[in-house]
Amino acid sequence: MCSCEHCTLLSGSPAMAWVGFRRETLNWTGRSGEPTWYATWPTLRRGFCPRCGTHLVSVADGSDMVMVTTFSLTDQNRGLEPVGHSFRQRAVPWLAVTLAPDPLHS
């Protein structure tokens, strides 16, 4: 999850939830195909659904990971509990997040 100013403004919420996929393993299967890309930060591109404008993904320059907005996924019940919270100190005071154990460090 992330509560930086950029993510909260783009999402219109107190935090944005992300899940990462290796770029070479991610396939666009929806009716709209690949997202429409926009540079929203000097080193960051974000992808939006070309049909409805929903914010779907974020890719940092030079990264082999694609970060997908968790709530844009059809199936949200498959191990998508947050394991980290970037910019937690900037989160609104009423936001309580329980982080799951990080499976990579357990």
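Since the structure is predicted, the reported quantities are computational estimates derived from the model, not experimental observations. Quick note: residue numbers are just sequence positions, from 1.
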Could you give me the CA-CA distance, side-chain angles and deciding distance for Trp37 and His55, then say whether ring-ring contact (aromatic ring centres under 6.0 Å, His included) is met?
CA-CA 10 Å; Trp37 296 94; His55 179 206; 9.8 Å; no
Anything under 3.5 Å between a donor and an acceptor, one on a side chain of residues 82-91, the other on a protein residue two or more places apart or in another chain? List them.
| unit_1 | atom_1 | unit_2 | atom_2 | d |
| --- | --- | --- | --- | --- |
| His85 | NE2 | Ser3 | OG | 2.7 |
| Arg88 | NH2 | Val97 | O | 2.7 |

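Looking at heavy atoms from C-beta onward, Trp18 lies out of side-chain contact with Val57 at the 4.5 angstrom threshold. Between Leu80 and Leu73 there is a side-chain heavy-atom pair separated by less than 4.5 Å. In this structure the side chain of Thr40 reaches within 4.5 angstrom of the side chain of His6, judged on heavy atoms.
Rounding to the nearest 0.5 Å places CE of Met67 at 14.0 Å from CG of Leu56. In this structure, Glu34 CD and Asn27 CG are separated by 11.0 Å, a value rounded to the nearest 0.5 Å. Here Cys7 contributes atom SG and Met1 contributes atom CE; the two are 10.0 Å apart, rounded to the nearest 0.5 Å.
With sequence neighbours left out, Arg22 forms a side-chain hydrogen bond (donor to acceptor under 3.5 Å, both in side chains) with Asp64. Partners of Ser13 according to the side-chain hydrogen bond (donor to acceptor under 3.5 Å, both in side chains) rule, which considers only residues two or more places apart in sequence or in another chain, are Ser11. Remark: Trp41 pairs with no residue by the side-chain hydrogen bond (donor to acceptor under 3.5 Å, both in side chains) rule, at least two apart or across chains. Listed by chain and number, the residues in a ring pair (Phe, Tyr, Trp, His ring centres under 6.0 Å) with Phe21 amount to none (sequence neighbours excluded).
Not one N or O on the side chain of Thr8 forms a donor-acceptor pair closer than 3.5 Å with the backbone of Pro14. Thr69 places no side-chain N or O within donor-acceptor distance of the main-chain N or O of Phe71, the cut-off being under 3.5 Å.
The two residues Thr36 and Pro50 make their nearest non-hydrogen contact at OG1-CB, 3.3 Å.
The hydrophobic clustering, which links ILVMFWY residues whose side-chain heavy atoms are closer than 4.5 Å, places Leu26 and Val59 together.
Annotation: salt bridge (Lys or Arg N to Asp or Glu O under 4.0 Å) contacts involving residues 41-52, sequence neighbours excluded, are absent.
Heavy atoms from other residues, nucleotides or ligands lying under 6.0 Å from CD of Glu24 number more than 12.
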